[in-house]
Amino acid sequence: MKRPILIHPDLRLKKVAEPVADISDELRKLADDMLETMYDAPGIGLAAPQVGINSRLIVMDCVKEGTPKPYVMFNPRVIARSEEKNVYEEGCLSIPEQYGEVTRPAEVDVQWIDRDGKEHVEAFDKLWATCVQHEIDHLDGKLFIDYLSPMKRQMITRKMQKLKRERARV
Ligand code: K1U
Ligand code: ZN
């Protein structure tokens, strides 16, 4: 089942999400719904706060063509980051049609729990590294626009307020 994606500004996107204690069937269903919502958008990642759920859960799949490679990560954590940085023009499904350059570590090691409760550690680079850091930021109430200048952030926020007013009218 597809879920509606919250649009910035929304206080639910600014909260620090709660760690997941037990991976219940309800949480597994949420992860499936988030993957469906992400592929439909289309997007390469999605965090639970973007669908109004205050839990530390993200999904991602950065494969552009060919066999999909979906990740479901509960309680994801960056445990190591490279000195080398990458700049990527990021977007966000909660900030539609707005983009901005963000500098982040080029490689990160991430630890998480999968849908069966198994712990994983994996190194990510390129777009995968950018995406997993963007999604973990969502769990800490942080958006890519928080890395931009105050002026650009304000301009984007005003555009989103206008978009939300227009959507509320129809
Ligand atoms: O978290 C989100 O809002 C999803 C976001 C993830 C992301 C994009 C770019 C850099 C870092 C993280 C998106 O998926 S925006 C849409 C997007 O990037 C895309 C859509 C279709 C094909 C390829 C990319
Ligand atoms: Zn986002």
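When a ligand or atom number is given, it counts from 1 through the structure's own listing order. Basis for what follows: all heavy atoms, side chains included, without hydrogens, waters or symmetry-related copies.
Our summary of the site lists the angle at the Zn ion (ligand 2) between SG of C92 and NE2 of H134 as 120°, to the nearest 10 degrees.
Atoms of ligand 1 found under 4.0 Å from any heavy atom of Q50, numbered from 1 in the order shown, are 1 (O), 2 (C), 3 (O). Listed by number with element, the atoms of ligand 1 under 4.0 Å from a non-hydrogen atom of G45 are 1 (O), 2 (C), 4 (C), 14 (O). Of all the atoms in ligand 1, the ones that sit under 4.0 Å from a non-hydrogen atom of H138 are 1 (O), 3 (O). Interface atoms of ligand 1 facing E135, defined by a heavy-atom separation under 4.0 Å, are 1 (O), 2 (C), 4 (C), 6 (C). Which parts of ligand 1 touch P42 is read off a 4.0 Å heavy-atom cut-off, strictly below it: atoms 16 (C), 20 (C), 21 (C). The distance from ligand 1 to the heavy atoms of C92 drops below 4.0 Å at these ligand atoms: 3 (O), 15 (S).
Here the heavy atom of the protein found nearest to atom 14 (O) of ligand 1 is I44 N, 2.7 Å. When only non-hydrogen protein atoms are considered, atom 9 (C) of ligand 1 lies nearest to G91 N, 3.7 Å. Given atom 3 (O) of ligand 1, the protein heavy atom at minimum distance is L93 N, 2.7 Å.
At a cut-off of 3.5 Å, with distance as the only test, no side-chain donor of R104 or Q133 sits close to an acceptor on the other residue.
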Side-chain atoms of residues 92-102: list all donor-acceptor pairs with protein atoms under 3.5 Å, sequence neighbours left out, distances to 0.1 Å.
from	atom 1	to	atom 2	distance (Å)
S94	OG	L6	O	2.9
S94	OG	Q50	NE2	3.1

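Residue contacts with ligand 1: S94 is placed with no nitrogen or oxygen under 3.5 Å of a nitrogen or oxygen of the ligand (distance criterion only).
A salt bridge links R28 to D25: one of the charged nitrogens lies within less than 4.0 Å of a carboxylate oxygen. Using a 4.0 Å cut-off between charged nitrogen and carboxylate oxygen, D116 and K118 do not count as a salt-bridge pair. A salt bridge between D40 and K2 is present, with a side-chain N of the basic residue lying under 4.0 Å from a carboxylate O of the acidic one. For R81 and D109, the salt-bridge test fails: no basic side-chain N is under 4.0 Å from an acidic carboxylate O. Salt bridge present: R56 and D140 bring a charged side-chain N and a carboxylate O closer than 4.0 Å.
When the N, O or S atoms of H138 are ranked by distance to the Zn ion (ligand 2), NE2 comes first.
In this structure, CE on M60 lies 8.0 Å from CD1 on I136, to the nearest 0.5 angstrom.
You'll find the ring centres of F124 and Y71 inside the 6.0 Å limit.
Contact annotation for atom 24 (C) of ligand 1: protein present (non-hydrogen atoms, distance under 4.0 Å).
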